[in-house]
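Just so it is clear, the model here is predicted, and its values are computed rather than measured. Throughout, protein chains are lettered first and strands after them, A, B, ... in sequence-line order, and every chain is numbered starting at 1.
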2 protein chains.
Amino acid sequence: MVSIKDIAKKAGVSISTVSYALNGSPKVTEETSAKILAIAKDLNYIPNASARNLKKRETKVIGVYLTDFSGAFYGQLLQGILESLSRNDYGLIVCSGEHSHRYLPERMIDGAIVLDSTFSSDELLTYAERGHKIVILDRQIEHPNINQVLLDNKAGATLAIDHIVEKGHTKLYVVTGPEDSFDSMQRLHAVRQAAKRYPHIEYTEIAGDFTKEAGERAAEQIMNEYDQIAAAFCLNDEMAIGMYNYLANTEYRAGEHIHIIGFDNLEVSHYTKPRLSTIDYSKRKWGALASEQLLKLIKGVPVENERIYVTLIEGESISEKKA
Amino acid sequence: MVSIKDIAKKAGVSISTVSYALNGSPKVTEETSAKILAIAKDLNYIPNASARNLKKRETKVIGVYLTDFSGAFYGQLLQGILESLSRNDYGLIVCSGEHSHRYLPERMIDGAIVLDSTFSSDELLTYAERGHKIVILDRQIEHPNINQVLLDNKAGATLAIDHIVEKGHTKLYVVTGPEDSFDSMQRLHAVRQAAKRYPHIEYTEIAGDFTKEAGERAAEQIMNEYDQIAAAFCLNDEMAIGMYNYLANTEYRAGEHIHIIGFDNLEVSHYTKPRLSTIDYSKRKWGALASEQLLKLIKGVPVENERIYVTLIEGESISEKKA
DNA sequence: TTGTAAGCGTTATCAA
DNA sequence: TTGATAACGCTTACAA
């Protein structure tokens with residue numbers, strides 16, 4: 001491996017001069033600098049990240065943690081993060097799995113964006129306590145080294161319920177997510193509050209887990225006990241898609257017998273027939289904002305927690321209830 | 001930051017003893033080892049990856065490079081890679097974007113799995129020439145430090161065409177992928193060969209680029225010149241989905257007026273109506289195999305290039321041609 | 001069984 | 001403007 005030592009020898013200068021030249025320091029003359037750069041290129045010199053990181057105590061790389069790699073969910077979010085980091089001359093690595101938990105405490109990355117339920121809040125707090133900077137997208141933890149960028153789940157859930165009610169529906173199912181999902185719990189909480197405001201509505205909860213299969217099972221249950229036109233708020237689009245799948249093999253139709261609304265506005269939701277009504281938010285913006293917050297945290301700039309706003313997408317899966 | 005030096009001081013031993021103890025070496029007695037471990041824990045000692053990597057000249061981390069993060073395509077592939085690497089005590093990072101190209105030459109990772117058209121083959125060759133180990137999934141490059149695990153595109157394309165012909169179709173469109181896609185070019189090549197075997201078939205190529213939009217455009221073109229039942233082989237599922245989308249707004253039906261087959265067996269393809277016929281292969285296995293090849297390459301074990309086999313999934317989007 | 005010491009490839013301080 | 005040198009935190013001969 002060719003190191004600055006080799007360059008120094010060949011150029012007849014000291015390693016410190018080489019280091020300065022390579023880093024574009026104005027301390028070294030044009031002339032020597034040019035010579036050194038030429039030799040470096042000639043020798044195919046590549047700096048060693050470990051050595052630099054060890055010395056500088058920073059890596060200029062941010063890690064994003066995901067529970068797993070499945071789902072079409074993360075693409076835009078990651079793209080938003082990548083763009084934002086690139087603009088600020090930071091690199092990005094996407095991680096999942098147990099092994100990767102080490103990267104933050106072992107200082108392979110300068111900070112982490114977490115959307116990963118395999119991290120316990122305790123673990124996260126421990127890292128924060130050690131001085132590591134973290135932005136969390138899937139729960140709430142108060143610590144000076146932790147910032148959160150959360151969805152406005154309450155607004156989203158309320159929009160969904162209000163929309164259903166406005167359309168004249170009087171029978172409502174809610175299909176929930178897993179209990180360890182912060183987003184699901186927030187949405188459910190808001191739903192219950194909203195439901196209280198509409199006492200005339202027959203309200204039922206069905207336990208789900210954010211998977212298509214859960215949506216299918218929920219649809220099955222609903223159709224088995226079908227006695228009138230019903231509305232269903234699936235706490236994510238994935239489960240709503242599951243409902244469509246189940247319905248496809250029945251006589252019942254979405255937006256007719258059962259009116260469905262989801263949450264997330266996944267790309268596939270654009271292509272369902274009828275178009276799924278859902279709650280939308282900019283995943284790209286979410287990622288960009290999370291990155292910005294993290295970089296500020298690293299720079300020591302004070303930050304407030306941020307919120308991602310949501311909007312209602314009116315598809316055809318929720319329509320006016322006709323007796 | 002607490003280092004082995006601090007532990008050594010507190011334990012009254014030398015740093016080398018601490019290092020040995022921490023690494024579970026049998027050279028140090030149970031007793032001292034226990035003491036050292038206790039102190040390490042007490043001080044919240046965390047090893048520094050950069051220092052270890054610098055010294056050991058390896059990181060035990062593999063990088064996977066993707067062109068971008070969009071598309072539901074990569075989930076299972078990454079999951080396959082992650083599982084395989086974890087079993088072998090290697091970590092995984094997923095990378096995209098210009099900045100990340102540095103990770104391999106700068107030795108942040110011990111090897112790379114590449115499915116990323118932003119790498120030129122020259123660049124890859126340069127790295128291989130420098131001694132870096134690479135497994136490539138999206139093209140063919142011959143080098144001792146490079147191995148490839150490629151799809152059996154030829155078999156897949158042939159299966160698709162044969163299936164269409166068996167069903168009695170006599171008018172065939174092929175919607176191609178981008179010209180810089182190795183997979184697309186291989187599939188197209190096989191299609192042309194197959195087409196030659198069936199001279200009675202009216203054969204037309206439509207240029208596409210693997211996006212939904214390309215599929216929509218292709219469908220538009222086909223329907224505009226519609227004069228008889230036609231079959232279309234979309235060189236990936238994404239474009240086939242695009243065709244469905246276009247058709248949804250027309251009088252024409254997939255599997256009736258136009259018979260469609262794709263390639264990839266994306267998850268969404270399971271949910272199309274009618275179920276999309278396509279070419280399937282195990283993305284998880286692809287990932288696992290790629291990882292294994294890479295680890296062998298790193299260990300210096302000789303490896304042959306590998307091939308991922310494909311099968312035909314018969315949906316309802318291709319059916320018997322009825323005059 | 002433990003300690004000494006060199007060295008991995010950088011950066012950065014201080015002198016020259 | 002350049003050079004000598006220490007230091008970053010760790011591993012690993014080799015010596016004791």
Side-chain angles (χ1 to χ4, degrees), chain A residues 1-37 39-40 43-61 102-110 130-132, chain B residues 1-37 39-40 43-61 102-110 130-132:
Chain A
M1 196 198 297
V2 14
S3 75
I4 54 170
K5 223 183 237 172
D6 304 300
I7 301 177
K9 203 178 300 170
K10 190 147 181 189
V13 298
S14 74
I15 59 162
S16 49
T17 305
V18 174
S19 178
Y20 286 133
L22 255 21
N23 289 296
S25 160
K27 311 175 82 173
V28 41
T29 53
E30 280 286 313
E31 196 187 3
T32 38
S33 182
K35 184 170 75 180
I36 289 169
L37 264 2
I39 292 176
L43 294 181
N44 282 319
Y45 168 76
I46 299 282
N48 180 299
S50 298
R52 190 189 336 106
N53 296 342
L54 173 59
K55 182 66 194 180
K56 301 198 70 169
R57 299 155 146 279
E58 67 167 8
T59 64
K60 287 276 188 179
V61 175
R102 314 164 69 96
Y103 301 159
L104 186 63
E106 294 192 354
R107 307 189 117 81
M108 271 185 51
I109 52 180
D110 291 349
R130 284 209 174 95
H132 298 288
Chain B
M1 196 197 298
V2 14
S3 73
I4 53 170
K5 219 185 239 172
D6 304 304
I7 302 177
K9 203 180 299 169
K10 190 148 181 188
V13 297
S14 75
I15 59 164
S16 54
T17 305
V18 173
S19 177
Y20 287 132
L22 255 22
N23 290 297
S25 160
K27 311 176 81 173
V28 38
T29 54
E30 279 287 314
E31 194 186 5
T32 37
S33 182
K35 185 170 75 179
I36 289 170
L37 264 2
I39 292 177
L43 294 181
N44 282 320
Y45 168 75
I46 298 282
N48 180 301
S50 297
R52 184 180 352 98
N53 296 342
L54 174 59
K55 182 67 196 179
K56 302 198 70 168
R57 298 154 147 281
E58 67 167 10
T59 64
K60 287 276 189 181
V61 175
R102 314 163 69 95
Y103 301 160
L104 185 62
E106 292 191 354
R107 308 189 117 81
M108 271 184 52
I109 51 180
D110 290 349
R130 284 205 175 98
H132 298 289

Would you confirm whether B:N48, through its side chain, and B:S50, through its main-chain N or O, come within 3.5 Å as a donor-acceptor pair? yes

Considering just the side-chain nitrogens and oxygens of B:S3, establish if one lies under 4.0 Å of OP1 or OP2 belonging to D:dG9. no

Rounded to whole angstroms, how far apart are CZ on B:R52 and C1' on D:dC8? 15 Å

Could you state the atom-to-atom distance from NZ of B:K5 to P of D:dC10 in whole Å? 10 Å

Return the nearest nucleotide to the side chain of A:N23; candidates are D:dC10, C:dG3, C:dT11. C:dT11

Which listed nucleotide (C:dG3, C:dC8, C:dG9) is nearest to the side chain of B:K55? C:dC8

Taking atom P of C:dA6 as reference, at what distance in whole Å does atom CG of B:L54 sit? 17 Å

Distance, rounded to the nearest Å, where A:E58 contributes CD and D:dC8 contributes P: 17 Å

Would you say A:Y45 reaches C:dT10's phosphate, i.e. side-chain N/O to OP1/OP2 under 4.0 Å? yes

Please report the distance, rounded to the nearest Å, between CD1 in A:I7 and P in C:dT10. 8 Å

Rounded to whole Å, CD1 of A:I15 lies from C1' of D:dA4 at a distance of 9 Å

Over how many whole Å does the gap from B:L22 atom CG to C:dT2 atom C1' extend? 16 Å

May I ask you to verify if any side-chain N or O of A:T32 is less than 4.0 angstrom from the OP1 or OP2 atom of D:dT2? yes

Which nucleotide, C:dG9, D:dC14, D:dG3, lies nearest any side-chain atom of B:K27? D:dC14

Does A:D110 reach the side chain of A:V61, with side-chain heavy atoms less than 4.5 Å apart? no

Looking at C:dT13, D:dC14, D:dG9, which one has an atom nearest to any side-chain atom of A:Y20? C:dT13

Phosphate contact (D:dT11 OP1 or OP2) by B:S19 side-chain N/O below 4.0 Å: yes

Considering only heavy atoms from C-beta outward, does the side chain of A:M108 approach that of B:T59 to under 4.5 Å? no

When the distance from CG of A:N48 to P of D:dC8 is rounded to whole Å, what number comes out? 18 Å

Under 4.0 Å: is that the gap between some side-chain N or O of B:N53 and OP1 or OP2 of C:dC8? no

Would you mind telling me which residue lines up with the more 5' stretch of DNA chain C, A:K56 or B:V28, judged by nearest nucleotide? B:V28

What's the closest nucleotide to the B:R57 side chain, out of D:dC10, C:dC8, C:dG3? C:dC8

If you count heavy atoms of other groups shown closer than 6.0 angstrom to CZ of B:R102, is the number above 12? no

Determine whether B:I39 and B:Y45 make a side-chain contact, defined as any pair of heavy atoms from C-beta on separated by less than 4.5 Å. no

I want to check something: taking the side chain as every heavy atom from C-beta on, are B:H132 and B:R107 in contact at a cut-off of under 4.5 Å? yes

N or O in side chain of B:S14 less than 4.0 angstrom from C:dG3 OP1/OP2: yes

Name the nucleic acid region contacted by B:I36, choosing base, sugar-phosphate or nothing; use a 4.0 angstrom heavy-atom cut-off, strictly under. nothing

Counting any heavy atom closer than 4.0 Å, what does A:T29 reach on the DNA or RNA strands: base, sugar-phosphate only, or nothing? sugar-phosphate

Nearest-nucleotide pick for B:S16, side chain only, options being D:dT2, C:dT10, D:dA13: D:dA13

